[in-house]
Structures are given as structure tokens and as C-alpha cells.
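Presented below is the structure to which this report refers.
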Amino acid sequence: MPAFLLAIFLSAFLLFQVQPIIARYILPWYGGSPAVWTTCMLFFQVGLLTGYTYAHLLVSWLRERPKWQVGIHLGLLLISFALLPITPPESLKPTGVESSPIGGILALLALTVGLPYVVISASGPLLQHWFASVAEGKSPYRLYAVSNVGSLLGLLTYPVVFEPHLRLSEQTGLWSGGYVVYGAIAAACGWLFLRSARRKNEMEARMDEEIPERASWLDRCLWILLAACGSLLLLAATNQMCQDVAVVPFLWVLPLSLYLLTFVIAFDAERWYFRPFWVPFAGVSIGAVVYLLNQDHASSEIHLSWQVAIYAAAVFSGCMICHGEMVRLKPHPRYLTGFYLAVSLGGALGGVFVSLVAPRVFDGYWEFHFGLVAVILLGGICVVRAMLASGKGWKVAVPVFGGVWVWAIGVMIFFLLKHREVADDKSIHATRGFYGVLRVYETEKDTEDHLREMYHGRINHGRQFLHPDFRWWPISYYTEESGPGSYFENLPDPVQPVNFGVIGLGVGTLATYAKTGDSVRMYEINSQVEDIARDYFTYLEDCAGDVSVVLGDARIVLEQELANGENQQFDALFVDAFSGDSIPIHLLTKEAFELYFEHLKEDGVLVVHITNLHLDLSAPVRTIAESLGMETMQIISDPDFWYAYYSRWIFVSKNVELLEAIGAGRSTPWDSGDFERIHWADDYCNLLQVIDW
């Protein structure tokens with residue numbers, strides 16, 4: 001019926017659109033880490049489990065009391081309206097020094113969207129139960145496909161329609177209005193449900209009918225395991241993509257959309273899950289992603305579009321196996337709320353494993369490897385079990401399939417272990433935290449070329465020679481030919497002490513430019529980075545100037561310093577913060593630049609490091625500089641030395657003479673005098689504008 005279709009569609013649309021909205025809203029508050037999204041996903045999966053549990057208990061305990069079902073649900077809806085709009089208040093903003101902000105994120109989400117999210121998540125199973133009563137004889141399971149279509153559109157429209165055209169405050173306000181509309185339609189569905197209730201004697205007569213058989217405990221366990229495996233694969237793949245590309249809603253939405261699409265296909269009709277197609281497709285796509293994983297630190301980079309396509313294919317095919325096999329085991333509609341409860345429990349367990357367990361037991365993103373193996377293992381178990389149950393040719397089919405299946409698992413485990421061995425090769429230290437995986441590598445020990453490097457994911461974040469004659473050299477992105485080298489070589493008064501700041505510590509390379517009398521203040525959000533810089537590198541220890549490291553998100557710390565009357569009056573401020581290969585976008589907004597110039601002297605210079613494999617950040621930087629009345633100049637360095645990297649730096653300042661002096665003979669002309677104006681602000685950023693596909 002139209003009311004139920006619209007209510008279920010709208011509830012699913014809102015349910016999944018609120019996820020990128022809120023995650024995008026709080027992303028700058030927590031350093032732009034990919035873990036913000038996985039933590040949000042953990043909350044939403046637990047919220048979904050809570051909603052499904054509520055719906056299951058409401059139906060199970062009050063099956064013969066429809067008025068109570070409707071009254072309780074509509075009552076919770078009315079209470080949740082008091083929490084609208086869902087815009088997170090500034091009072092919940094973190095201090096910026098939390099080593100693991102997971103608890104803070106979960107508490108913030110609970111206070112802002114907790115109750116509305118639980119209530120709306122219960123709509124799927126609860127309204128399907130009401131529909132089964134109203135439209136007797138029609139299967140409610142296909143409404144789950146409708147629900148997932150709504151979820152899919154909610155996700156896909158966010159990066160394409162809502163994020164590019166609406167500010168964050170407008171997005172949260174519009175969602176809140178949609179939630180009120182859903183409440184009105186849900187009330188209409190409740191009225192239809194009550195109107196269709198049978199007379200007492202008809203209900204009693206129905207109770208005498210034969211009750212369908214419940215699913216076996218093995219089936220129930222497989223529901224949970226298959227759902228958990230799909231959830232694990234989704235979240236782990238998202239982590240893998242975001243750490244080396246960008247923490248951008250598109251890379252959250254794409255895998256989650258494919259995940260939901262598999263639900264749409266599987267629940268619409270069993271015929272769509274055709275094993276002879278999906279099983280080989282999963283084998284090929286998972287094989288491709290295993291190959292991609294083994295390209296870490298390769299000399300040539302696979303194009304971004306191919307990387308995303310390979311990850312997407314692996315997520316899509318793997319989740320199709322999980323959800324297709326799960327739907328083949330679904331119970332009679334009488335037990336649908338219990339089935340959905342098991343599915344949501346599995347999804348939550350997958351989220352708990354990725355967000356809470358894996359960071360404590362793995363020193364890398366190895367949960368993705370675990371998820372790939374689990375897909376093949378569980379899928380094979382389900383296929384063999386179905387073959388045995390069918391009794392048709394199983395004596396031949398089972399051994400043949402089983403042999404191929406075991407061989408495939410063995411080959412995959414071999415190459416996944418090889419990938420881990422390569423990651424661990426020559427590694428002398430590895431650590432994992434909220435902000436990602438850090439490793440220290442060492443080569444050519446006891447030689448003049450003794451070198452140490454720090455990697456965040458598979459991106460180099462600094463290196464240093466350890467031989468006493470060379471350990472003071474600034475190398476990698478920071479050579480004397482680079483942007484920082486050009487700045488310090490062309491100071492107006494070489495004798496005058498320099499006070500400069502650095503956002504993003506790395507291994508501390510920029511400290512080597514500080515002379516006696518100079519001051520350098522470095523801002524770093526991740527305490528693990530400072531530990532590595534001090535324990536495995538010597539740039540901070542050897543610094544001739546006065547060097548200090550301030551822990552915390554640079555935006556929050558700089559704002560606090562201004563509020564406390566601590567204007568740093570920097571001669572130069574270097575923005576050199578990266579998460580993997582992506583720069584946290586809240587450090588490249590107009591409000592961020594205004595804050596930077598509050599801490600710079602009148603003739604000071606802002607230096608932004610924009611070296612990147614996949615993003616061209618020059619247009620947003622130039623646009624912001626232009627809006628602030630500043631001049632810009634870029635220096636691109638591409639040295640021939642094996643120990644140095646290509647780097648690209650943009651200088652922003654009102655001091656035209658200084659820019660001309662720094663760039664004399666070294667500045668790189670812009671490709672074009674005109675450029676696309678890309679205006680980024682705290683409540684509006686769209687990284688799709690700068691991704692090089």
C-alpha cells in the first residue's frame with residue numbers, strides 16, 4: 001500500500017543519509033581521520049541493532065495488542081522530535097588532545113542523533129510487520145528491498161546533490177524536516193494497521209492454526225556470521241581506501257552503496273542470486289584486490305580509478321555472496337523481526353571488530369585480509385551445505401567444488417601473508433592508533449647510507465640519514481631545493497632570529513632549518529608520531545634552535561591560544577599535515593586560513609604543502625588566498641637525488657617582495673593565469689572537485 005511503501009522508503013532514505021551528514025559535520029573536530037567514519041559506522045550499526053531489538057520485542061511481547069504497538073512507537077516519535085534539529089552543538093566539540101576520541105564521538109552521536117536514529121531504524125521491521133497484517137497474503141520481505149533502495153538513494157544523493165549544494169547547517173535542518181514528515185506518514189500506517197485488526201474471535205481462531213517451524217540454530221548462526229562478514233568487509237575496505245586517497249564522503253558512500261545494493265538484489269527475489277555467476281565473480285574480484293594489496297610501495301602507482309574499481313568489485317561481490325546466502329536461509333514471515341535482529345547483530349559485530357578489536361590486536365589494517373578469507377570460507381560452507389541438502393549429484397559436485405574452494409583459500413592466504421611479510425620487511429617499529437598505522441623502516445645499517453623512514457599507511461612521511469656526517473640533511477620533501485629550503489635561503493635578514501610554526505610533525509625534518517636563536521613550534525595531533533620522531537629520528541634532538549612540540553589538533557590548539565592571548569606572531573607557518581596521502585580538509589578552509597594569519601606577523605608567509613598522488617589542492621588554496629587579498633606563488637621541486645622526493649609548495653602572503661625573493665629562479669609558473677574558483681569553508685568542502693580521476 002502507498003502509505004507503507006512511502007514510510008519505509010523515506011525512513012530508509014533518512015536512516016542512511018544522516019550517516020554521511022553527521023560524520024562530515026564532526027570530521028574536522030577529530031583531525032580528519034578515516035577512523036571518524038568507521039567509529040560513526042559502529043555507532044550506527046549498534047543503533048540499528050537497538051532499533052531492530054526494540055521492534056522485535058514490541059512485536060513479540062505485544063503481538064495481540066496492536067494498539068500498544070502503535071501507541072508506544074508514535075509516543076517515542078513525539079519524544080524524539082524534542083531533539084531536533086540534529087545539528088551538533090559547539091559545546092560538544094573536543095579539546096583536540098584525546099589520544100583515542102572514540103568514546104567522545106560515540107557520546108556526541110548519542111546526544112545528537114541517538115533517539116531519532118533508533119526510532120527510525122525500527123521502522124523497517126516494525127512497519128513490515130504491520131504491512132503483513134494489513135496486506136494479508138503478501139510477503140513483506142520485498143519491502144526490505146524497497147527499504148534498501150531508499151537507503152541507497154539516501155547515500156548516493158549525498159555526495160552528488162546535498163554535499164555540493166548545501167551547507168552543513170542546511171543539511172541537518174533539511175534532514176530534521178524530513179524526519180517530521182516521516183512521523184506523520186508512520187502515524188497513518190499505524191492507523192491502517194489498527195483498522196485492519198481482526199475481531200477477537202478471529203484472532204483467537206488464528207491462534208489455533210499451525211505455527212510455522214522456526215529456523216534451526218545453525219541457520220541462525222549463519223545469519224549472524226554472514227551479516228558480520230559483509231559488515232567487516234565493507235568497513236575494512238573503506239579504511240583501506242581512505243587512508244591512502246582522501247577522507248571524503250564519496251569514498252564512504254561508494255562501498256556502503258554497493259553493500260546496500262546487494263541487499264536490494266538478494267531480497268527482491270532469490271533468482272537474482274545465481275551461484276554459478278556470483279561465486280566465480282567473487283573469486284576474480286577478490287583475486288584482483290589481493291594483487292592490488294601486494295602493490296604497496298611499488299615503483300609505479302596504479303591509477304586511482306582502477307584502485308577504486310577493484311576495491312568496489314571486491315566489496316560488491318563479497319557482500320553479494322554473504323547476503324545472497326543469508327537470504328536463502330530466511331525464515332517464515334512470522335519470524336521476520338527475529339531474522340532482521342540477527343542480521344543487525346551481525347552487522348554490529350562486524351563494526352565492533354573493525355573499530356574496537358582490530359586496532360588492539362593488529363598493527364596494520366589486517367582485518368581486511370581477515371574479511372576476504374572469511375567471505376570465501378563462509379560462502380563455501382553454504383554452497384557445500386546446499387549441495388548436500390539437494391541430493392542431486394552431490395557425490396561429484398561436492399568433491400570438485402570443495403577441491404577448488406580449498407585451493408582458492410590456500411592461494412589467497414599465501415598472497416595475503418606475503419603482503420603482510422612485505423609490510424613487515426625491514427620494519428623496526430609498527431604501531432596503530434585512531435589516526436592510522438605508522439611504521440618505521442631501516443635500510444643500509446652500518447653504512448654511510450644508513451636510512452630510516454616513517455610511513456603512514458603506504459605513504460612516506462619523512463626520512464633521515466643516521467650517519468653522523470649526514471643526519472642533519474633535510475631530505476625527502478624538504479631538501480634545500482624545496483619550498484622550505486627556498487624560504488630559509490632567501491630570508492630578508494639572515495641574522496635576525498626566525499620564529500616559525502609547523503602544522504604536522506612527521507619525523508621533525510623542518511626543525512633542521514632552525515638556527516641558534518630561532519624558535520620553531522610544531523603542532524601534532526597524534527602522540528604516536530611524536531614518540532617515533534624522538535625515539536627513531538634525531539631532527540628534534542639536533543635542532544640548533546628552540547623547538548617545542550604541541551600535541552592536539554592544530555585548528556583547536558591555535559584557536560585556544562588566541563583565546564588565551566597567546567598570539568604566536570610567526571614569521572612563517574608551514575601547513576604540512578597529512579593523514580596517509582590526504583590532507584585533513586579542515587586545515588584548508590577559509591576559516592582555517594584566517595586563523596593562520598591571526599598568528600602570523602603582518603608581513604609573514606603561509607606555506608602550504610600540497611604534494612599528492614591523487615588530489616590537486618592548488619585551486620582551493622589560491623581561491624582562499626584571493627578572497628583574503630593575498631598573493632600566491634608556487635615552488636615545485638623534482639630533484640634527481642634518490643633520497644629526495646618530488647614536492648609542491650604554495651606560498652601565501654601580502655609581502656610581495658618576500659615572495660619574489662623566495663621564488664627568484666625557483667618559482668614554478670602556474671599552468672594557467674586563470675583557475676577554477678573552489679571556495680572551501682568549514683561548513684562546505686567538496687573533495688570531488690580536486691580528485692584526479
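The closest donor-acceptor contact from the side chain of Y684 to the backbone of P164 lies under 3.5 Å. Within the 3.5 Å criterion, the main-chain N or O of I585 finds no donor-acceptor partner in the side chain of T589. Within the 3.5 Å criterion, the main-chain N or O of L232 finds no donor-acceptor partner in the side chain of E367. H73 places no side-chain N or O within donor-acceptor distance of the main-chain N or O of Q69, the cut-off being under 3.5 Å. For the pair S231 (side chain) and G347 (backbone), a donor-acceptor distance under 3.5 Å is present. Side-chain atoms of T172 do not come within 3.5 Å of backbone N or O of I86 as any donor-acceptor pair. Under a 3.5 Å cut-off, the side chain of T623 and the backbone N or O of I678 do form a donor-acceptor pair. At least one donor-acceptor pair closer than 3.5 Å links the side chain of Y596 to the backbone N or O of L587. Judged by distance alone, with hydrogens and angles left aside, the side-chain atoms of R24 form no donor-acceptor pair with the main-chain N or O of E163 at under 3.5 Å. Side chain of W175 to main chain of L14: a donor-acceptor pair is present (N/O by atom type, distance under 3.5 Å, no hydrogens or angles).
For the pair Q17 and L153, the minimum side-chain heavy-atom distance is 4.5 Å or more. F13 is listed as a side-chain neighbour of T157, based on a closest heavy-atom distance under 4.5 Å. The shortest side-chain heavy-atom distance between F162 and I21 does not fall under the 4.5 Å cut-off. Here the side chains of L108 and Y30 are in contact, with some heavy-atom distance below 4.5 Å. Proximity of L256 to P20: side-chain heavy atoms (C-beta onward) are nowhere separated by under 4.5 Å. Considering only heavy atoms from C-beta on, Y273 comes within 4.5 Å of I321 through its side chain. Within the 4.5 Å cutoff, no side-chain heavy atoms of L588 are placed close to those of P620. Counting heavy atoms from C-beta on, the side chains of I102 and F434 come closer than 4.5 Å.
In summary, of the residues considered (T39, I22, L92), a side-chain contact (heavy atoms from CB on, under 4.5 Å) with I105 occurs for T39 alone. Y340 pairs with exactly one of H56, H129, Q128 by the side-chain hydrogen bond (donor to acceptor under 3.5 Å, both in side chains) rule, that one being Q128.
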W272/V264 under side-chain contact (heavy atoms from CB on, under 4.5 Å): CA gap, chis, key distance, verdict:
CA-CA 10 Å; W272 298 124; V264 175; over 6 Å; no

Would Y158 and Q171 satisfy side chain to side chain donor-acceptor pair (under 3.5 Å), going step by step from the backbone distance to the final call?
CA-CA 10 Å; Y158 182 75; Q171 294 173 26; 2.8 Å; yes

Q.
I'd like to know whether W278 forms a ring pair (Phe, Tyr, Trp, His ring centres under 6.0 Å) with F316, so could you lay out the CA-CA distance, the side-chain angles of the two residues, the decisive distance to 0.1 Å, and finally the verdict.
A. CA-CA 10 Å; W278 289 108; F316 184 56; 5.5 Å; yes

Check the pair T38 / L42 against side-chain contact (heavy atoms from CB on, under 4.5 Å), numbers first and verdict last. CA-CA 6 Å; T38 53; L42 170 63; over 6 Å; no

Under the criterion side-chain contact (heavy atoms from CB on, under 4.5 Å), I'd like the reasoning laid out for E559 against L595: C-alpha separation, chi angles, the key distance, then a yes or no. CA-CA 7 Å; E559 289 169 357; L595 177 63; 3.7 Å; yes

Given H586 and L27, is the side-chain contact (heavy atoms from CB on, under 4.5 Å) satisfied, shown in steps? CA-CA 8 Å; H586 69 294; L27 181 66; over 6 Å; no

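Between the CG atom of L234 and the CD atom of Q45 there is a distance of 7.0 Å, given to the nearest 0.5 Å. The CZ atom of F9 sits 11.0 Å away from the CD1 atom of I185 when rounded to the nearest 0.5 Å. With values rounded to the nearest 0.5 angstrom, T262 atom OG1 is found 7.5 Å from L260 atom CG. The OG1 atom of T112 sits 7.5 Å away from atom CD1 of I26, with the distance rounded to the nearest 0.5 Å. Put simply, CG on L258 and OH on Y311 are 15.0 Å apart, with the number rounded to the nearest 0.5 Å. Rounded to the nearest 0.5 angstrom, S121 OG and F16 CZ are separated by 9.5 Å.
Between W223 and F339, the ring planes lie perpendicular to each other; the angle is over 60°, past the 30° to 60° tilted range.
Partners of S317 by side chain to side chain donor-acceptor pair (under 3.5 Å), not counting sequence neighbours, listed by chain and number: S285. With sequence neighbours excluded, the residues forming a ring pair (Phe, Tyr, Trp, His ring centres under 6.0 Å) with H323 are Y259, F263, listed by chain and number. For E591, the salt bridge (Lys or Arg N to Asp or Glu O under 4.0 Å) criterion is met by no residue, not counting sequence neighbours.
Taking each heavy atom of Y25 and S169 in turn, the nearest pair found is CE1-N, 4.4 Å. Nearest approach of L378 to C229, heavy atoms of both residues: CD1-CB, 3.9 Å. Contact record, A227 with V343: CB-O, 3.4 Å, taken as the closest heavy-atom pair. Summarising the geometry of V327 relative to A266, their closest heavy-atom pair is CG1-O, 3.4 Å, with the distance given to 0.1 Å. The two residues P101 and Y435 have their closest heavy-atom pair at CG-OH, 3.8 Å. Pairing each heavy atom of G190 with each of V70, the nearest pair is O-CG2, 3.8 Å.
For Y179 and F81, the distance between ring centers is under 6.0 angstrom.
Salt bridge annotation for K93-D553: absent, with no cationic side-chain nitrogen under 4.0 angstrom from a carboxylate oxygen.
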